[in-house]
Amino acid sequence: MKKLMVLAIAALPAAAMADVEIYGKMTGEIARNKTATATYPDNSAGQTAGSFGATTEIDSASGVNSHIGFRGNEALGNGLKAIWQLEQGIDFTDGGSGNTFATRDSFVGLASDDWGSVKLGRISTFQNSNMEYVDPWTYNGNTHVNGSNIFTRTDGRVDSAIRYDSPTLLGGLDFALLYGFSEPGNGQPKQNTFNFGVSYNWDAFTAAYSYLNYQNNNEAETSPALGQRFELMYSEGPLYLAAGYQQTRGYGGNLWPAANPGFDTLGNTNYKTREAELTASYSLGNFTPRLTYAYGWDVDANGSKQSDTGYKQWVVGTDYQISKRTMSYVSYGHVKYGQNVPFYSGSGTDSEYTLGVGVSHSF
């Protein structure tokens with residue numbers, strides 16, 4: 001059967017294949033992991049609530065890195081072209097039982113050098129596709145902390161979305177508008193996603209801002225959750241520096257990932273968060289050692305500051321470029337939460353960590 005598929009593809013006219021690109025990345029990582037999202041007791045399965053332990057696992061870092069995609073375009077004349085993309089995350093370490101199509105950016109649209117592009121489908125927010133300068137790490141963003149999974153927790157993709165991207169203006173200005181129609185409610189009133197992002201690049205500097213209006217994590221609340229982020233990046237030769245600042249407001253879904261179950265038990269509470277992050281790296285031959293530090297201030301709940309509810313995170317590691325498309329890496333991340341961050345285990349004294357070693361190949 002596989003031979004027949006290969007022969008069928010090979011028999012397609014060259015013109016039909018000329019505008020189709022197959023691309024992706026495969027990452028394999030062995031990790032020693034102690035995080036709430038990976039090893040927390042599962043109360044729904046009858047496990048006893050308590051401190052979460054550590055596990056060792058091999059995964060494909062599919063939350064961020066392992067994926068395969070197909071994309072192409074067709075010239076329509078007068079500088080206009082049709083564009084399309086079908087992309088999906090892949091997990092090749094467990095038999096691929098959960099792999100499905102179009103889990104990542106997948107769309108069809110029109111593009112022009114004069115007025116930009118319009119896309120329809122499942123599409124990234126601006127901070128997910130055009131920012132994250134503070135998070136160049138390779139890791140599994142679903143469960144691991146050897147990367148900036150807390151600071152980038154509101155980044156993602158929007159179903160049933162339309163997005164407009166401008167052409168580059170004024171020598172370096174780009175902006176995008178996204179709207180998601182009829183976002184799934186899960187019992188909550190519909191709160192469609194709106195996102196505006198803008199960036200400006202000059203020489204070695206890039207500055208970017210994103211405003212995100214999205215669905216709240218509360219059945220009774222009709223107002224949306226909100227997020228704003230600003231990032232600044234400098235890249236010149238071997239030196240790379242990035243800084244970010246973020247504010248969010250919502251009813252639980254905007255909080256630190258490990259604390260969400262505990263915070264949600266407080267009921268109809270409007271939470272506000274503030275946090276900042278710094279990342280620096282310097283390439284030395286094939287090695288690129290890197291350091292990230294993130295700080296989350298105490299959470300504000302219904303207008304009242306909650307003491308000792310912030311977090312501190314640091315990640316240290318290095319990449320090693322084996323070839324143009326293959327690199328290996330080692331990284332260690334640690335998160336310490338404030339004493340009053342509620343866990344099922346009772347307090348924030350249960351810190352999180354991940355030690356990961358992996359290899360990644362792009363194609």
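Quick note: numbers below take in every heavy atom, side chains included, and nothing from hydrogens, waters or symmetry partners. Here the structure is a predicted model, which means the values were calculated and not measured.
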Subject >> Those residues that, when tested against Phe101, pass ring pair (Phe, Tyr, Trp, His ring centres under 6.0 Å) (two or more places apart) >> reply: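 Testing Phe101 for ring pair (Phe, Tyr, Trp, His ring centres under 6.0 Å), a comparison that skips the adjacent residues, returns none.
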For residues [X] and [Y]: do they belong to one hydrophobic cluster (side chain heavy atoms under 4.5 Å, members Ile, Leu, Val, Met, Phe, Trp, Tyr)?
{"X": "Val316", "Y": "Val145", "value": "no"}
{"X": "Phe363", "Y": "Phe92", "value": "yes"}
{"X": "Leu284", "Y": "Leu291", "value": "no"}
{"X": "Met131", "Y": "Val134", "value": "no"}
{"X": "Ile30", "Y": "Met26", "value": "no"}

How long is the span from the [atom1] atom in [X] to the [atom2] atom in [Y], to the nearest 0.5 Å?
{"X": "Leu239", "Y": "Ser281", "atom1": "CG", "atom2": "OG", "result": "7.0 Å"}
{"X": "Ile123", "Y": "Gln85", "atom1": "CD1", "atom2": "CD", "result": "10.0 Å"}
{"X": "Leu232", "Y": "Leu278", "atom1": "CG", "atom2": "CG", "result": "10.5 Å"}
{"X": "Asn254", "Y": "Tyr214", "atom1": "CG", "atom2": "OH", "result": "5.0 Å"}
{"X": "Met327", "Y": "Thr27", "atom1": "CE", "atom2": "OG1", "result": "6.5 Å"}
{"X": "Tyr23", "Y": "His67", "atom1": "OH", "atom2": "NE2", "result": "6.0 Å"}

Original post:
Does the side-chain contact (heavy atoms from CB on, under 4.5 Å) test come out yes or no for Arg274 and Tyr245, once each step is laid out?
Top reply: CA-CA 8 Å; Arg274 296 182 301 125; Tyr245 175 78; 3.3 Å; yes
**OP:** Check the pair Asn201 / Thr206 against side chain to side chain donor-acceptor pair (under 3.5 Å), numbers first and verdict last.
**Re:** CA-CA 4 Å; Asn201 175 262; Thr206 299; 2.7 Å; yes
Between [X] and [Y]: side-chain donor-acceptor atoms closer than 3.5 Å:
{"X": "Asn195", "Y": "Ser210", "answer": "yes"}
{"X": "Thr56", "Y": "Arg32", "answer": "yes"}
{"X": "Asp174", "Y": "Ser166", "answer": "no"}
{"X": "Glu29", "Y": "Tyr329", "answer": "yes"}
{"X": "Asn146", "Y": "Thr354", "answer": "no"}
{"X": "Gln246", "Y": "Glu275", "answer": "yes"}

Original post:
Between Phe181 and Tyr179, what is the ring plane arrangement, given parallel below 30°, perpendicular above 60°, and tilted in between?
Top reply: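 Phe181 vs Tyr179 ring planes: perpendicular.
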Donor-acceptor pair, side chain of [X] and main chain of [Y], under 3.5 angstrom:
{"X": "Arg229", "Y": "Phe151", "result": "yes"}
{"X": "Thr326", "Y": "Ile322", "result": "no"}
{"X": "Arg249", "Y": "Asn270", "result": "no"}
{"X": "Gln321", "Y": "Asp319", "result": "no"}

**OP:** Determine the sole option in Arg153, Glu352, Gln313 for which the side-chain contact (heavy atoms from CB on, under 4.5 Å) test with Trp256 is passed.
**Re:**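 Of Arg153, Glu352, Gln313, side-chain contact (heavy atoms from CB on, under 4.5 Å) with Trp256 is met by Arg153 alone.
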Which heavy atom in [X] sits nearest to a heavy atom in [Y], and how many Å separate them?
{"X": "Leu170", "Y": "Tyr200", "result": "O-OH, 3.1 Å"}
{"X": "Ala204", "Y": "Glu236", "result": "CB-OE1, 3.3 Å"}
{"X": "Gln88", "Y": "Gly69", "result": "NE2-CA, 4.3 Å"}
{"X": "Gly89", "Y": "Arg104", "result": "N-CD, 3.4 Å"}
{"X": "Arg163", "Y": "Asn130", "result": "NH2-OD1, 2.9 Å"}
{"X": "Phe175", "Y": "Leu169", "result": "CE2-CD1, 4.0 Å"}

Original post:
So do Val315 and Ser148 actually touch side chain to side chain, heavy atoms under 4.5 Å?
Top reply: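 No, side chains not in contact.
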**OP:** Given side-chain contact (heavy atoms from CB on, under 4.5 Å), test Leu80 with Trp115 step by step and report yes or no.
**Re:** CA-CA 10 Å; Leu80 184 67; Trp115 52 260; 3.5 Å; yes
**OP:** Step by step, work out the ring pair (Phe, Tyr, Trp, His ring centres under 6.0 Å) result for Phe194 and Phe196.
**Re:** CA-CA 7 Å; Phe194 170 75; Phe196 167 74; 7.5 Å; no
List the atom pairs, with distances to 0.1 Å, where a side-chain N or O of residues 292-301 and a protein N or O form a donor-acceptor pair under 3.5 Å, not counting sequence neighbours.
| residue | atom | partner | partner atom | Å |
| --- | --- | --- | --- | --- |
| Thr292 | OG1 | Trp137 | NE1 | 2.9 |
| Thr292 | OG1 | Thr279 | OG1 | 2.7 |
| Asp298 | OD1 | Asp308 | N | 3.3 |
| Asp298 | OD1 | Thr309 | N | 3.0 |
| Asp298 | OD1 | Gly310 | N | 3.3 |
| Asp298 | OD2 | Asp308 | N | 3.3 |
| Asp300 | OD1 | Gly303 | N | 3.0 |

Subject >> Tyr133: hydrophobic cluster co-members (side-chain, 4.5 Å) >> reply: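 Other cluster members: Met233, Tyr240.
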**OP:** Could you tell me whether Tyr209 and Tyr211 have their ring centroids closer than 6.0 angstrom?
**Re:**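 Tyr209 vs Tyr211: aromatic centres not under 6.0 Å.
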**OP:** Evaluate the criterion side-chain contact (heavy atoms from CB on, under 4.5 Å) for residue pair Phe107 and Ile83; output intermediate values, then yes/no.
**Re:** CA-CA 8 Å; Phe107 55 80; Ile83 56 174; 4.2 Å; yes
Original post:
Is any NZ, NE, NH1 or NH2 atom of the basic residue among Asp105 and Lys119 found under 4.0 Å from an Asp or Glu carboxylate oxygen of the other?
Top reply: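 Judged by the 4.0 Å cut-off on N to carboxylate O distance, Asp105 and Lys119 do not form a salt bridge.
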